[in-house]
Engineer: 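Here it is: the structure, laid out below.
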Amino acid sequence: MYETKTKETDKSVLEFIENVESVAKREDAYKLLDIFTEESGFEAKMWGPSIIGFGSYHYKYESGHEGDAPYVGYSPRKAKISLYFAPDDPQREELLQRLGKHTSGKSCVYINKIADIDVQVMRELIQNTLAYVRERYE
């Protein structure tokens, strides 16, 4: 049976951010920490070795796959900053069109730096994800 690799850990979020090599990415990681904490109302926790997540919920898909995940999160990776929002939120695409310079995959939104995006739209994405996930899974 498949087991989710990305789980909440007791590692220090601040220690993780302090070890981000790029000074600019580290500064953005702290800004994101403030924004995600403020918008979600949750304390930041490490999920796996590199995702900073906020809150958690239990999901179960029709396939039977289930697990726990943070409502929202981000990761200041070497190449880009990954932002995690609900991939199946029906309002996600409209909000992403207004976000600014980014690329996206199934569940990740990738940005180079905070200055490239509209922070207010990112705040809306956080709020929408929280509302959507709570309605769908709780």
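This is a predicted model, so every value here is computed, not measured.
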Engineer: Closest approach of F85 and V109, non-hydrogen atoms and distance?
Structural biologist: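 Heavy atoms of F85 and V109 come nearest at CD1-CG2, 4.0 Å.
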Engineer: Hydrophobic clusters here meaning ILVMFWY residues chained together by side-chain heavy-atom distances under 4.5 Å, can you tell me if Y57 and L125 are in one?
Structural biologist: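 In one cluster: yes.
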Engineer: Using modelled atom types and a 3.5 Å cut-off, is there a donor and acceptor pairing between side-chain atoms of Y74 and backbone atoms of A29?
Structural biologist: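 Such a contact is found between Y74 side chain and A29 backbone.
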Engineer: List the steps, then state whether side chain to side chain contact (heavy atoms under 4.5 Å, CB included) holds for K60 with Y137.
Structural biologist: CA-CA 8 Å; K60 185 172 183 176; Y137 294 102; over 6 Å; no
Engineer: I'd like to check M122 versus L32 (side-chain heavy atoms, cut-off strictly below 4.5 Å). Are they in contact?
Structural biologist: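 Touching, per the 4.5 Å side-chain cut-off.
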Engineer: What's the shortest heavy-atom distance between P90 and Y132, and which atoms?
Structural biologist: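 Closest approach of P90 to Y132: CD-CE1, 3.6 Å.
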Engineer: Quick check, are the ring centers of F36 and F54 under 6.0 angstrom apart?
Structural biologist: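 Close enough - the centres of the two rings lie under 6.0 Å apart.
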Engineer: When you group the ILVMFWY residues by side-chain heavy-atom contacts below 4.5 Å and let the links chain together, are Y84 and F42 in the same group?
Structural biologist: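 As far as the 4.5 Å side-chain criterion goes, Y84 and F42 are not connected within one cluster.
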Engineer: Applying side-chain hydrogen bond (donor to acceptor under 3.5 Å, both in side chains), which residue pairs with at least one partner in residues 95-106 are found, sequence neighbours left out?
Structural biologist: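 side-chain hydrogen bond (donor to acceptor under 3.5 Å, both in side chains) check on residues 95-106 returns E94-R98, R98-E124.
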Engineer: Would you check if M46 and E8 make a side-chain contact, meaning some heavy-atom pair closer than 4.5 Å?
Structural biologist: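 A side-chain contact under 4.5 Å is absent here.
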Engineer: Just grab all the side-chain hydrogen bond (donor to acceptor under 3.5 Å, both in side chains) pairs involving residues 40-50, residues at least two apart or on different chains.
Structural biologist: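 Residue pairs with at least one partner in residues 40-50: S50-R77.
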Engineer: Is there a path from L96 to I114 through hydrophobic residues (I, L, V, M, F, W, Y) whose side chains come within less than 4.5 Å of each other?
Structural biologist: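 Yes.
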Engineer: Name all pairs fulfilling the side-chain hydrogen bond (donor to acceptor under 3.5 Å, both in side chains) condition that reach into residues 9-29, sequence neighbours left out, sorted by first residue then second.
Structural biologist: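 The answer is E18-Y30.
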Engineer: With side chains defined as the heavy atoms from C-beta onward, is the minimum distance between R123 and I35 less than 4.5 Å?
Structural biologist: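 Yes, side chains in contact.
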Engineer: Does a side-chain heavy-atom distance below 4.5 Å link D116 with I111?
Structural biologist: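 The answer is no, as the side chains (C-beta and beyond) never meet within the 4.5 Å cut-off.
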Engineer: Same cluster for I51 and I126 if Ile/Leu/Val/Met/Phe/Trp/Tyr side chains link at under 4.5 Å?
Structural biologist: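 Looking at the clustering, I126 is in a separate group from I51.
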Engineer: Can you check whether A86's main-chain N or O pairs, donor with acceptor, with T129's side chain at less than 3.5 Å?
Structural biologist: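 Answer holds: yes.
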Engineer: When you measure from the side chain of E66 to the backbone of H58, do you find a donor-acceptor pair of N or O atoms at a distance under 3.5 Å?
Structural biologist: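 Answer holds: no.
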Engineer: Please round to the nearest 0.5 Å and tell me the distance separating atom CZ of R92 and atom CG of L99.
Structural biologist: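 Reported to 0.5 Å precision, the distance equals 10.0 Å.
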Engineer: Quick check: closest heavy atoms across I52 and F16, and the distance to 0.1 Å?
Structural biologist: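 Taking every non-hydrogen atom into account, CD1-CD2, 3.9 Å.
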Engineer: Looking at side-chain heavy atoms only, is the closest gap between E38 and D34 below 4.5 Å?
Structural biologist: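 SC-SC contact between E38 and D34 ruled out.
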Engineer: When hydrophobic residues are tied together by side-chain contacts of less than 4.5 Å, even through go-betweens, does V20 share a cluster with L33?
Structural biologist: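 The answer is no; the residues belong to distinct hydrophobic clusters.
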